[in-house]
2 protein chains.
Amino acid sequence: MTQRPSKKTTILEVAAEHFSRYGYDATHLEAIAKACDISKPAIYYHFRDKAALYEAVLLERFTALAKVIADNTKSDDPVENLSSYIHTFGTFLVETPCFSAIFAREIADGARSMPESCIVELSKTLNTLASILESGKRQGVFDCENPFMIQMMIVTTLTSYSTTRPLREKVSSVLAEVDRKIDPRLEDITDNLSQKIIKALTC
Amino acid sequence: MTQRPSKKTTILEVAAEHFSRYGYDATHLEAIAKACDISKPAIYYHFRDKAALYEAVLLERFTALAKVIADNTKSDDPVENLSSYIHTFGTFLVETPCFSAIFAREIADGARSMPESCIVELSKTLNTLASILESGKRQGVFDCENPFMIQMMIVTTLTSYSTTRPLREKVSSVLAEVDRKIDPRLEDITDNLSQKIIKALTC
DNA sequence: CTATAATTACTTACCGATAAGTAAGGAGAC
DNA sequence: GTCTCCTTACTTATCGGTAAGTAATTATAG
């Protein structure tokens with residue numbers, strides 16, 4: 001028997017959709033409440049304020065991300081680990097659709113208002129990547145790289161590809177010349193990106 | 001004799017700073033007015049409303065970007081053109097500091113509220129890149145690529161690197177292990193990215 | 001076993017701050 | 001005088017947050 005999700009879980013899920021779609025400021029608690037079929041103060045029963053709700057949504061996802069990344073990069077081969085890092089991230093985005101836009105918005109914002117707890121989780125994933133690059137360098141397969149830059153290449157290419165679906169449609173309707181070929185899925189872009197980055201990094 | 005900029009120009013410049021730093025919703029016209037040392041309705045004299053001011057800021061920059069990109073990719077060599085495309089974009093970001101965050105925020109938003117006029121300018125730059133890749137394919141130096149994906153790799157890596165300065169500081173203070181090497185300048189990242197993308201694309 | 005107390009999980013009704021936008025008028029250039 | 005470019009003073013809507021109350025469940029005392 002499948003248990004019905006608790007109200008708190010529902011709020012978190014719906015809030016993620018709204019923060020993803022509209023951003024922090026344009027997300028209205030009243031709208032979340034309506035979508036959950038509860039009253040606005042019911043949200044305040046479960047969460048101290050809007051910022052706390054946002055932090056809960058964020059932390060849940062960053063924690064899960066750090067975990068799957070750590071779990072899937074345990075090989076001894078740096079190239080395999082790097083490939084797995086990228087694929088794991090791509091898969092996470094596919095399975096956690098709201099995360100792309102939330103993350104992309106945070107990056108655009110310089111993560112100025114990102115809670116410390118999330119910074120810690122994010123640092124873990126960066127640390128994982130830095131270790132992979134470092135071991136690759138020791139084994140002579142990679143040159144010395146700036147982990148943050150590589151992280152940005154991976155993370156922003158995939159999150160942005162995920163958020164720009166509406167943009168791609170608009171652009172391709174403007175560009176009649178450019179053939180409107182079928183829009184690749186994020187999974188395919190992930191695989192493509194993985195190959196490109198490995199080609200670019202291996203010496 | 002250097003002419004003092006008009007009030008309208010000042011508003012546009014200050015507005016760009018605010019939209020860049022705070023995003024559309026958290027940008028307050030009262031704050032812009034104060035920074036310009038004028039009253040809020042003075043803004044309404046020059047611009048119909050907040051959305052029109054934002055559109056003016058956006059269009060100014062997207063138009064300038066499309067122009068410099070077009071002007072600097074006129075070689076016959078696709079590799080040279082691609083390198084120049086990336087370097088021109090990087091230089092534009094350095095010289096137009098507010099643009100990175102504004103662009104990154106729009107991408108995170110899926111450019112849902114981006115005015116048609118800006119979509120057109122943005123499409124031009126994408127078209128330029130598509131032509132470069134196409135001519136490279138014809139000349140047998142590039143494989144068949146998805147222009148939008150390559151565009152995302154270039155644009156988001158550089159804009160995000162530019163916006164994430166505060167994040168990089170926070171992260172490196174969390175990660176005591178990872179050596180806190182000097183933070184590369186955007187110019188260096190641009191050059192690095194150009195080399196990587198060319199290596200990844202040339203067959 | 002039941003009466004009562006306490007806790008959980010909400011509701012309705014409201015407040016106050018804020019920020020977009022407007023009405024009306026004034027100073028100075030030509 | 002009138003046009004441009006602005007000011008002060010205001011209206012209005014929205015939205016985060018709160019106060020106060022309530023139904024349903026659970027724990028506890030006698």
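First the proteins, then the strands, lettered A, B, ... as listed; each starts at 1.
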Student: Do A:Phe142 and A:Leu82 make a side-chain contact, defined as non-hydrogen atoms from C-beta onward lying under 4.5 Å apart?
Tutor: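 Touching, per the 4.5 Å side-chain cut-off.
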Student: Donor-acceptor pairs under 3.5 angstrom involving side-chain atoms of residues 7-15 of chain A: please list them, not counting sequence neighbours.
Tutor:
{"unit_1": "A:Thr9", "atom_1": "OG1", "unit_2": "A:Ser6", "atom_2": "OG", "d": "2.8"}
{"unit_1": "A:Thr10", "atom_1": "OG1", "unit_2": "A:Ser6", "atom_2": "O", "d": "3.0"}

Student: Starting from P on C:dA13, measure out to OH on A:Tyr44 and report it in whole angstrom.
Tutor: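 Atom-to-atom, A:Tyr44 to C:dA13, this comes out as 19 Å.
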Student: Pair A:Ser100, A:Ser162 - check side chain to side chain donor-acceptor pair (under 3.5 Å), show working.
Tutor: CA-CA 6 Å; A:Ser100 289; A:Ser162 165; 3.0 Å; yes
Student: Check each residue of residues 12-36 of chain B for a non-hydrogen atom within less than 4.0 Å of any atom in DNA chain D, then write out the ones that pass by number, or none.
Tutor: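 Correct list: empty, so none.
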Student: How many Å lie between OH on B:Tyr54 and P on C:dA20, as a whole number?
Tutor: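 It is 15 Å, rounded to the nearest whole Å.
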Student: Across nucleotides 1-10 of chain D, 5' to 3', mark each nucleotide with B, S or - according to how protein heavy atoms within less than 4.0 Å reach it.
Tutor: ---SBBBBB-
Student: Between B:Arg168 and A:Phe148, is NZ or CZ placed under 6.0 angstrom from the six-membered ring centre and within 45° of the ring axis?
Tutor: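 Positive - B:Arg168 is close enough to the ring of A:Phe148 and near enough to its axis.
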Student: Parallel, tilted or perpendicular, judged at 30° and 60°: which one describes the rings of B:Tyr24 and B:Phe19?
Tutor: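 Aromatic pair B:Tyr24/B:Phe19 classed parallel.
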Student: Give the rounded distance in Å between these two atoms: CD1 of A:Ile11 and P of C:dA9.
Tutor: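 Going from CD1 in A:Ile11 over to P in C:dA9 covers 11 Å.
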Student: Rounding to an integer number of Å, can you tell me how far B:Arg48 CZ sits from C:dG21 P?
Tutor: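 Value for this atom pair: 9 Å.
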Student: Can the ring centres of B:Phe47 and B:Tyr54 be said to be less than 6.0 Å apart?
Tutor: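 Distance test on ring centres: not under 6.0 Å, no.
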Student: Show your reasoning for whether side chain to side chain contact (heavy atoms under 4.5 Å, CB included) applies to A:Thr156 and B:Met153.
Tutor: CA-CA 8 Å; A:Thr156 67; B:Met153 280 184 74; over 6 Å; no
Student: Can A:Glu80 and A:Tyr85 be counted as having a side-chain donor-acceptor contact under 3.5 angstrom?
Tutor: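 A:Glu80 vs A:Tyr85: no donor-acceptor pair found between side chains.
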